[in-house]
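Heads up, the thing below is written out as structure tokens.
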Amino acid sequence: MMKRLSILSALLLLVSCGPSRHAIHVEMRHPSRSGLELSGKNISVIYGAGDSEENDRISENMADAFAKSLEEEYGTGEGSVGLFCVDGSLDRYSGRDSLVSLLIQTGSDVVFLMDMSSDAEAASSVRPVKVGIYCYDGMDKEEKVRHFTGTRMLHASSDEELVSEAQKAGKLMADPFGPQWKHEQYSIAYYDSSKWYEGLVRADQYDWKGAMDIWIGLLDSKDMMKRSAAEYNIAVACYMLGDYHLALEWLDRSDADNGFPTLSDGLRKRIEARKP
């Protein structure tokens, strides 16, 4: 009986030596409603000109607003989403080979080709605009051209109103390509010491680089469980910073040193889902 109690006490001691967990709540960016993942990619928007002066004005302003909306979500600064104009019908540019050529010419990862035509016979105050958007993502393994269509009604009785309406329409057209945000919870492992708490505070402030620096400083521990906890936390930080391959490497190291199956498996699934 005494021996059983001793074994039980030892087991409780081992459990108590494990790390505590702290929940971090994050709004995470997910692919757009269109299914496109544009985060971290160079984007260009191309529109056609030469149909008529009025249609050119509509096309230019719609494409400009479309590009600026994408820039707000994915760009690195003003002008980071390129806006280009080509002459003539866009039909000859909509094939895969042509879009790949445009991708190379613009130095982009993703190119949007916007084909817009206004009904010249419509009443002057209401202009139906048919829109076709071709998209090619050079980083997409499927290597296929995506095609989106729609119609926008522009209510305008002057050039100023026409420009304003075209800008509004372009912004609305960009909505399906903007990221979706979802609330997610992640666990951070920590121990009862000032350094671990400092890393926890940085993580709570979403200072992932600062937190990672602290956790890297804890890797020299001879305690395999503590080292594994630090490596797991570093994997979380790499994931948050968008470096999914490095996150997997740190997670593999954590699993090899000791591992926390519940935490590790959950993070690994999230990394695999986002990894290109």
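From a predicted model like this one, the values you see are computed outputs, not experimental measurements.
Between the side chain of Gln185 and the backbone N or O of His25, no donor-acceptor pair lies under 3.5 Å. No donor-acceptor pair under 3.5 Å is formed between the side chain of Glu71 and the backbone N or O of Ala67. Under a 3.5 Å cut-off, the side chain of Ser228 and the backbone N or O of Gly259 do form a donor-acceptor pair. In this structure, Asp56 contributes its side chain and Ala49 its backbone to no donor-acceptor pair below 3.5 Å. Side-chain N or O atoms of Ser221 include none that pairs as donor or acceptor with a backbone N or O of Leu218 at under 3.5 Å. At least one donor-acceptor pair closer than 3.5 Å links the side chain of Ser69 to the backbone N or O of Ala65. Checking side-chain atoms of Asp109 against main-chain N and O of Asn42 turns up a donor-acceptor pair under 3.5 Å. With hydrogens and angles disregarded, no donor-acceptor distance shorter than 3.5 Å links the side chain of Ser254 to the backbone of Glu231. The closest donor-acceptor contact from the side chain of Ser158 to the backbone of Glu161 lies under 3.5 Å.
Test Lys182, Glu37, Glu184 against His30 for side-chain hydrogen bond (donor to acceptor under 3.5 Å, both in side chains) and you get one pass: Glu184.
At a threshold of 4.5 Å between non-hydrogen side-chain atoms, the residues Tyr74 and Ile43 count as touching. Side-chain contact between Leu241 and Met212 is present, with heavy atoms from C-beta onward closer than 4.5 Å. Between Gln180 and Arg33, the closest side-chain pair of non-hydrogen atoms falls below 4.5 Å. Ser32 has its side chain out of reach of Leu38: every pair of non-hydrogen atoms, C-beta onward, lies at least 4.5 Å apart. Contact check for Val236 versus Ile24: no side-chain heavy atoms found under the 4.5 Å cut-off. In this structure, the side chains of Leu172 and Arg152 come closer than 4.5 Å at one or more pairs of heavy atoms. Residues Tyr136 and Arg96 meet the side-chain proximity criterion, which asks for heavy atoms closer than 4.5 Å. Residues Pro176 and Phe148 have side chains not in contact (no heavy-atom distance under 4.5 Å, counting atoms from C-beta outward).
Here Asp140 contributes atom CG and Cys135 contributes atom SG; the two are 9.0 Å apart, rounded to the nearest 0.5 Å. Rounded to the nearest 0.5 angstrom, Leu103 CG and Ser108 OG are separated by 6.0 Å. The CG atom of Asp243 lies 8.0 Å from the CD atom of Glu249; values are rounded to the nearest 0.5 Å. The OG atom of Ser44 lies 10.5 Å from the CG atom of Leu70; values are rounded to the nearest 0.5 Å.
Under the 4.5 Å side-chain heavy-atom criterion for ILVMFWY residues, a single connected hydrophobic cluster contains both Tyr197 and Tyr206. Both Trp208 and Tyr232 belong to a common hydrophobic cluster when Ile, Leu, Val, Met, Phe, Trp and Tyr are linked at side-chain heavy-atom distances under 4.5 angstrom. Each of Val81 and Leu102 belongs to its own hydrophobic cluster when Ile, Leu, Val, Met, Phe, Trp and Tyr are linked at side-chain heavy-atom distances under 4.5 angstrom. Under the 4.5 Å side-chain contact rule for hydrophobic residues, Val201 and Ile216 do not share a cluster. No single ILVMFWY cluster, assembled from side-chain heavy atoms under 4.5 Å apart, contains both Tyr134 and Met114.
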Could you walk me through whether Ile271 and Leu267 satisfy the side-chain contact (heavy atoms from CB on, under 4.5 Å) test, starting with their C-alpha distance in whole Å, then the side-chain angles of each, then the deciding distance to 0.1 Å, before giving a yes or no? CA-CA 6 Å; Ile271 294 171; Leu267 181 59; 3.8 Å; yes

Pair Leu162, Ile58 - check side-chain contact (heavy atoms from CB on, under 4.5 Å), show working. CA-CA 7 Å; Leu162 185 63; Ile58 292 172; 4.0 Å; yes

Could you give me the CA-CA distance, side-chain angles and deciding distance for Arg21 and Ile188, then say whether side-chain contact (heavy atoms from CB on, under 4.5 Å) is met? CA-CA 6 Å; Arg21 301 179 188 179; Ile188 300 296; over 6 Å; no

Run the side-chain contact (heavy atoms from CB on, under 4.5 Å) check on Tyr93 and Leu99 step by step: do they pass? CA-CA 6 Å; Tyr93 295 107; Leu99 287 171; 5.5 Å; no

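Looking at Glu54 and Arg127, a side-chain N of the basic residue comes within less than 4.0 Å of a carboxylate O on the acidic one, giving a salt bridge. One finds no salt bridge joining Asp137 and Lys144 here, because no Lys/Arg side-chain nitrogen approaches an Asp/Glu carboxylate oxygen to under 4.0 Å. Note on Asp220 versus Arg227: no salt bridge recorded, every NZ/NE/NH1/NH2 to OD/OE distance being 4.0 Å or above.
If you check the side chains of Ser101 and Gln105, you find a donor sitting under 3.5 Å from an acceptor. At a cut-off of 3.5 Å, with distance as the only test, a side-chain donor of Tyr186 or Tyr239 sits close to an acceptor on the other residue. Between the side chains of Tyr47 and Asp115, no donor-acceptor pair is found at a separation under 3.5 Å.
The 12-atom threshold is exceeded at NZ of Lys41, counting heavy atoms of other residues, nucleotides or ligands nearer than 6.0 Å. With a 6.0 Å radius and a threshold of 12 heavy atoms from other residues, nucleotides or ligands, Glu78 has its CD atom at or below the threshold.
Across all their heavy atoms, Ser59 and Met116 have their closest contact at O-CE, 3.5 Å. Contact between Ala166 and Asn61 at its shortest, heavy atoms only, is CB-CB, 3.8 Å. A pairwise comparison of heavy atoms in Pro128 and Thr151 identifies CB-CG2, 4.5 Å as the closest pair. Here the closest heavy-atom approach between residue Leu251 and residue Ala235 is recorded as N-CB, 3.8 Å. The two residues Ser39 and Arg29 come nearest to each other via the heavy atoms OG-CD, 2.8 Å. When all heavy atoms of Leu154 and Ala169 are compared, the closest pair comes out as CD2-CB, 3.9 Å.
Residues satisfying the ring-ring contact (aromatic ring centres under 6.0 Å, His included) criterion with His22, sequence neighbours excluded, are absent altogether. Scanning for side chain to side chain contact (heavy atoms under 4.5 Å, CB included) contacts around Arg202 gives Glu198, Gln205, Asp207, Ala211, Ile214, with sequence neighbours left out. Residues passing the side chain to side chain contact (heavy atoms under 4.5 Å, CB included) test with Glu53 are Arg57, sequence neighbours excluded.
Proximity of the aromatic rings of Phe177 and Phe66 is defined here by a centroid distance below 6.0 angstrom, and this criterion is met.
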